[in-house]
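Everything numeric in this text was worked out from a predicted model, so none of it was measured. Note that these values count all heavy atoms, side chains included, but never hydrogens, waters or copies made by symmetry. Per chain, numbering begins at 1; letters A, B, ... match sequence-line order.
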Protein chains: 2
Amino acid sequence: MVTIADVARAAGVSPSTVSYVLSGKRSISEATRRRVHHSIRALGYRPNAGARALASNRTNVLALVVPLRADLNVPVMMQFVTATVTEARSYDHDVLLLTADEGAEGLHRVVASSLADAIIVMDVEAAEPRVPVLRELGRPAVLIGVPDDPQGLTCVDLDFTAAGSECVTHLADLGHRDVALIGPSPAVYERGTSYAGRFLRGFTKTAADRGVTAVTLPCVPTYDGLRACLDDLLALERAVTGLVVHNEAILGPLLSELDRRGRRVPDDISVLAVCPPDLAEAQSVPLTSVDIPAVELGALAVELAMRLLDGLGEPEVRLLPPRLTVRAGTGPVVA
Amino acid sequence: MVTIADVARAAGVSPSTVSYVLSGKRSISEATRRRVHHSIRALGYRPNAGARALASNRTNVLALVVPLRADLNVPVMMQFVTATVTEARSYDHDVLLLTADEGAEGLHRVVASSLADAIIVMDVEAAEPRVPVLRELGRPAVLIGVPDDPQGLTCVDLDFTAAGSECVTHLADLGHRDVALIGPSPAVYERGTSYAGRFLRGFTKTAADRGVTAVTLPCVPTYDGLRACLDDLLALERAVTGLVVHNEAILGPLLSELDRRGRRVPDDISVLAVCPPDLAEAQSVPLTSVDIPAVELGALAVELAMRLLDGLGEPEVRLLPPRLTVRAGTGPVVA
DNA sequence: TTGAAAGCGATACCAT
DNA sequence: ATGGTATCGCTTTCAA
């Protein structure tokens, strides 16, 4: 193994000089810097992470806590994870992966044993049980999602309230007077996942503001769940002409079932989805969609974590504005 | 911060004794052990990971390299990742997440800076460029997938050859004489992803052995790709009565399109899929499927990595036998 | 602008 | 069965 001492010897300087060349924490003459860098490359030196962490109290590692649930939007999750890793690398950091089933204990463990400098937590619930722990951990934390009381914590998320609102606005502007929201699984609402409730509120409020009739149908993400959901939908007294789907898993099946039941999109019914653009585009009829900006959110989470680690920046809640892309699946109401 | 010295003092023993109590590397009297454990709990002591790594040359961390591609089966990937983390924790290890875009350099980095003790690599190609590097790294490595030359490396995967074979066998036993394989995107074949070719070979060979006519159609995972693929399929001279789908992304759309084109499953055509059971079950018609045992593979990969770290066990290729579950989507040929 | 050396918190060897 | 302590590789203070 090549150590800092080997490099120092080869470059004819002291180990501390090599360290300072690497960290940039004090000025070094150009000549020395070059000799040191040359020796580093020549010997293929890489600082030992453990030694560095021990001496500096910095691991250059971010802990990322991912959910283990099956009822989540997995592709979006994975996008988020890879974006986090990629962004972390751009700050010369690595990512340690934790699963949510370790709970608060996992957070304690990682911090107390100095495995990571900061923590990023995905899939935050409204009454998030890990929030008090995160506050007391004494390490920067960034949540994806906004708990009821984000006091003292940094949170990032899509502005789901605005997203729900924008979907209704778009439909109302096209003349739709009767809309429905096909939401996530009831389980998602029941455990109070923060984004589901926020989207619903934006949806409902704007519908009221615009004088649009709005119904909400949570949907279990199975074929049977979908069928039941559509049965309910089509049995409504006033025919719904605009459908907002906040449940990626059933998007394809939903369109099939509508087709099977003789409802044409968008002629009979407009469909608008909350999902990644490629999913919206890959449907039998490309759907107007509000993007879930997983990649931006991942990068932003890392960026905010870095700021906190540098002692800059205060805890804050950062909501990204929704972006709605119009595609063939949305049309005006045909009288 | 609570150190091992604090614990030692509180328990009235030396630091080395505390260390030995924790590691179990020498015998300790029951009384001492109890006092030490009591102090550990009382003080909330957790060993410092960096210090431990520095002194012991063991990080208790596994590096996991995940692909960044979009054309992969993301839910299966995520299952694999979480299974890996969960299993690693059961060995008191953590998982450091790397993305494949760091390439061989990333592997060097992680090893040279002592960030991880072993490496698990997903999405291995037939002519995997990282293979030579992994061999020279001097650290245990486990590949998910089997490269052309697995010499000296440990590999785990589903036995895709047997899986392809079993699908044909099942259809042939039901009397099907004309079958087709709807495979992954052409891009997957082109870059020589190892599992795609192996499945194809098992499929083709068994078809020949059984005197069954077999055609293969790679399918770009978009709606247009699917339509083109089905056009080709239905234009064949001899009508295909059995369809094997090795491409999860288009499973739902495929069934919709078949329905739209008036082909009933399984009355007109039997459909058999290679995918997780829940996906097969969630279709409009539940499909017979060969499971991709992501969870077992993840756990197995970790287990083999642990063995290698303990100096037990040689490099080996471990293929899990396919398991076919019969569901409503497969039926006999109706003359 | 640079060097010497004291830690950081464990492990494991050498003693007893 | 237990203790003392050198050691791991790096950072950072203190000095020059």
Checklist entry - For the helix from dT1(C)-dA16(D) to dT16(C)-dA1(D), what angle lies between the axis at the first five pairs and the axis at the last five pairs, to 10 degrees? => result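 Inter-axis angle at the termini of the helix from dT1(C)-dA16(D) to dT16(C)-dA1(D): 30°.
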
Checklist entry - According to the salt bridge (Lys or Arg N to Asp or Glu O under 4.0 Å) rule, which pairs have a member within residues 127-140 of chain A, sequence neighbours left out? => result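 Residue pairs passing salt bridge (Lys or Arg N to Asp or Glu O under 4.0 Å), neighbours aside: Glu128(A)-Arg130(A), Arg135(A)-Asp149(A).
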
Checklist entry - Taking only residues at least two apart or on different chains, which pairs with a member in residues 10-23 of chain B satisfy salt bridge (Lys or Arg N to Asp or Glu O under 4.0 Å)? => result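 Matches after skipping sequence neighbours: none remain.
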
Item to check | side chain to side chain donor-acceptor pair (under 3.5 Å) involving Asp117(A) - partner list, sequence neighbours excluded | outcome: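 Asp117(A) satisfies side chain to side chain donor-acceptor pair (under 3.5 Å) with Thr59(A) only.
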
Next on the checklist: Using the side chain to side chain donor-acceptor pair (under 3.5 Å) criterion, which residues pair with Thr86(B)? Sequence neighbours excluded.
Outcome noted: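 Listed in chain order: nothing, the list is empty.
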
Item to check | nucleotides 1-11 of chain D: protein proximity per nucleotide (B base, S sugar-phosphate only, - neither; heavy atom, under 4.0 Å) | outcome: SBBB---BBBB

Checklist entry - Quick one: salt bridge (Lys or Arg N to Asp or Glu O under 4.0 Å) partners of Glu30(A), sequence neighbours excluded? => result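 Here the qualifying residues are Arg33(A), Arg34(A).
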
Checklist entry - What pairs of residues pass the side-chain hydrogen bond (donor to acceptor under 3.5 Å, both in side chains) test when at least one of them lies in residues 291-313 of chain A, not counting sequence neighbours? => result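 Checked against side-chain hydrogen bond (donor to acceptor under 3.5 Å, both in side chains) - neighbours excluded - the pairs reaching residues 291-313 of chain A are Glu296(A)-Arg323(A), Glu303(A)-Arg307(A).
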
Item to check | Residues that Gln79(B) engages under side chain to side chain contact (heavy atoms under 4.5 Å, CB included), provided they are two or more places apart | outcome: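 Only Pro276(B), Ala294(B), Val295(B) meet the side chain to side chain contact (heavy atoms under 4.5 Å, CB included) criterion with Gln79(B).
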
Item to check | Residues in side chain to side chain contact (heavy atoms under 4.5 Å, CB included) contact with Ser19(B), at least two apart in sequence or another chain | outcome: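 Partners of Ser19(B) under the side chain to side chain contact (heavy atoms under 4.5 Å, CB included) test: Ile4(B).
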
Checklist entry - Can you give the first and last nucleotides of DNA chain C, 5' to 3', that have an atom under 4.0 Å from a heavy atom of chain A? => result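 Contact boundaries, 5' end first: dT1(C) to dG9(C).
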
Next on the checklist: According to ring pair (Phe, Tyr, Trp, His ring centres under 6.0 Å), who are the partners of Phe80(A), at least two apart in sequence or on a separate chain?
Outcome noted: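 Phe80(A) satisfies ring pair (Phe, Tyr, Trp, His ring centres under 6.0 Å) with no residue once adjacent residues are dropped.
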
Item to check | Evaluation steps, side chain to side chain contact (heavy atoms under 4.5 Å, CB included), between Val146(A) and Arg198(A) | outcome: CA-CA 10 Å; Val146(A) 187; Arg198(A) 284 183 286 137; 4.1 Å; yes

